[in-house]
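Here is the structure we will look at, set down as structure tokens.
In what follows, every heavy atom counts, from backbone to side chain, and hydrogens, waters and symmetry copies are set aside. Treat the numbers as computed from the prediction; the structure is a model and nothing was measured.
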Amino acid sequence: MPEGLIVKALSGYYYVRPDGQQMTEVVQCRARGIFKKRGESPLVGDRVLFSMTDNGEGTVEEIKPRSSSLIRPPIANVGMVLLTFSVLEPDFNLQLLDKFLVHIEHAGLEVVIVLTKWDLLEDAAKQDEVEASAALYRSIGYPVVITSSKQKSGYEALFELLSHEISVFAGQSGVGKSSLLNTMIPGAMLETNMISHRLGRGKHTTRHVELLELPRGGYIADTPGFSQLDFLELGVEQLSDCFREFKALSEQCKFRGCTHTHEPGCQVKEALEAGDIAASRYEHYALFLEEMKEKKRRY
């Protein structure tokens, strides 16, 4: 039975690229009814076994074990997230960046922070501010790549980091993800939307999950990204582990289950006072913790 990769899902059909074939040779498949009975569903990114039918279409017969799966966007076997933020239009938002990072850390995925629209940032003080933020996240252990689709800069560094078979975009809309993809994959001709200045944000231009083949191997998922950032699936006690620089310090706190807010002998608070942890990161942690407690009270 042939094996392949689901590269697109749309209206109940799964488009499978058979191993060893070109993207132009995809087979349009339906899934076997048994998956529905089991409460399972094939996802883009799944490696599958499929059979051919008489009409030249196919049937997904078996889903191979997954290394990871996401609910929003619905995609399997993602190895890396390209967390994309613009430096201007919309402005670089560190609180939202940290919120995305919490969710990506919780999902156990690798991440690269990609900053777009560098060419729009003409103010030297603002440039220094963004570069200082980039240095902060690099010091925590996150690769940061600053790009400009207009100047075609930063792409070489980005390609070198895309070593996983499947990568996915995340980030707020309107930051230039589609423009970024158009530059990375010549001929992709993805739909791009102008920013709505009235709303201060972009409109979602992507309506389904699809894998696009990168020129140097591997795939990137063109998706609406992590569309809803809800802390409900995350336990309060797990939050500090999603802040990388807190994790090692937490183990040395005086009290087990320390929330790093009021407890004596808290190593995270001591590191904050010593300037070893960025104030912005701690402020966002405290804000997210309160948000989680509020949600817990409500539900």
Side-chain angles (χ1 to χ4, degrees), residues 78-98 100-101 104 109-164 166-206 210-226 278 280:
V78 170
M80 180 172 278
V81 178
L82 271 64
L83 184 49
T84 313
F85 276 72
S86 59
V87 295
L88 208 64
E89 294 185 13
D91 288 345
F92 189 22
N93 184 332
L94 288 182
Q95 184 185 316
L96 191 57
L97 173 68
D98 282 340
F100 271 103
L101 285 172
I104 293 164
L109 301 173
E110 286 190 44
V111 62
V112 175
I113 297 169
V114 184
L115 302 182
T116 63
K117 305 186 185 181
W118 181 252
D119 52 281
L120 295 181
L121 204 59
E122 293 171 354
D123 184 281
K126 280 274 188 190
Q127 287 178 355
D128 290 346
E129 200 178 296
V130 169
E131 282 176 339
S133 295
L136 163 65
Y137 286 90
R138 286 184 188 121
S139 73
I140 295 166
Y142 294 114
V144 181
V145 179
I146 298 174
T147 69
S148 163
S149 55
K150 195 171 276 185
Q151 297 168 348
K152 304 248 185 317
S153 61
Y155 294 96
E156 198 57 41
L158 200 50
F159 276 124
E160 283 174 19
L161 290 163
L162 293 175
S163 57
H164 291 270
I166 298 174
S167 303
V168 66
F169 273 115
Q172 67 191 127
S173 62
V175 300
K177 292 191 287 286
S178 293
S179 299
L180 191 62
L181 268 175
N182 283 336
T183 310
M184 288 169 71
I185 308 171
M189 291 304 290
L190 296 167
E191 179 187 358
T192 56
N193 270 5
M194 293 294 285
I195 296 292
S196 165
H197 286 283
R198 185 173 65 82
L199 295 174
R201 58 183 168 81
K203 295 175 183 176
H204 284 298
T205 58
T206 313
E210 183 171 358
L211 295 185
L212 300 170
E213 193 172 22
L214 289 162
R216 301 187 198 176
Y219 299 88
I220 192 152
D222 178 29
T223 76
F226 289 63
S280 64

Measure from the side-chain N and O atoms of Gln127 to the backbone N and O of Leu121, and report whether any donor-acceptor pair falls under 3.5 Å. yes

Main chain of Thr147, side chain of Thr116: is a donor-acceptor contact present, judged purely on distance under 3.5 Å? no

Side chains of [X] and [Y], heavy atoms from C-beta outward: is any pair under 4.5 Å?
| X | Y | answer |
| --- | --- | --- |
| Leu211 | Ile166 | yes |
| Leu180 | Val114 | yes |
| Ile220 | Val168 | no |
| Val112 | Leu162 | no |
| Lys152 | Thr183 | yes |
| Met80 | Leu82 | yes |

Please identify each residue that fulfils ring pair (Phe, Tyr, Trp, His ring centres under 6.0 Å) with Phe85, with sequence neighbours left out. Phe100

Distance-minimising heavy-atom pair for [X] and [Y]:
| X | Y | result |
| --- | --- | --- |
| Asp98 | Ser280 | OD2-O, 4.4 Å |
| Gly154 | Val145 | O-CG1, 3.3 Å |
| Ile104 | Glu110 | CG2-O, 4.4 Å |
| Asp119 | Ser149 | OD1-N, 4.5 Å |
| Ile146 | Ala134 | CD1-CB, 4.5 Å |
| Tyr155 | Ser148 | CE1-O, 3.5 Å |

Between [atom1] on residue [X] and [atom2] on residue [Y], distance to nearest 0.5 Å:
| X | Y | atom1 | atom2 | result |
| --- | --- | --- | --- | --- |
| Phe92 | Lys126 | CZ | NZ | 11.0 Å |
| Leu120 | Ser86 | CG | OG | 8.5 Å |
| Leu94 | Leu136 | CG | CG | 8.0 Å |
| Leu115 | Thr84 | CG | OG1 | 9.0 Å |
| Leu97 | Tyr137 | CG | OH | 4.5 Å |
| Leu88 | Trp118 | CG | CH2 | 10.5 Å |

Test side chain to side chain contact (heavy atoms under 4.5 Å, CB included) on Val111 and Tyr142 and set out the steps. CA-CA 7 Å; Val111 62; Tyr142 294 114; 3.3 Å; yes

Short N-O contact, Arg216 and Glu156, less than 4.0 angstrom: yes

Answer yes or no: are there more than 12 heavy-atom neighbours, outside Gln151 itself, under 6.0 Å from its atom CD? yes

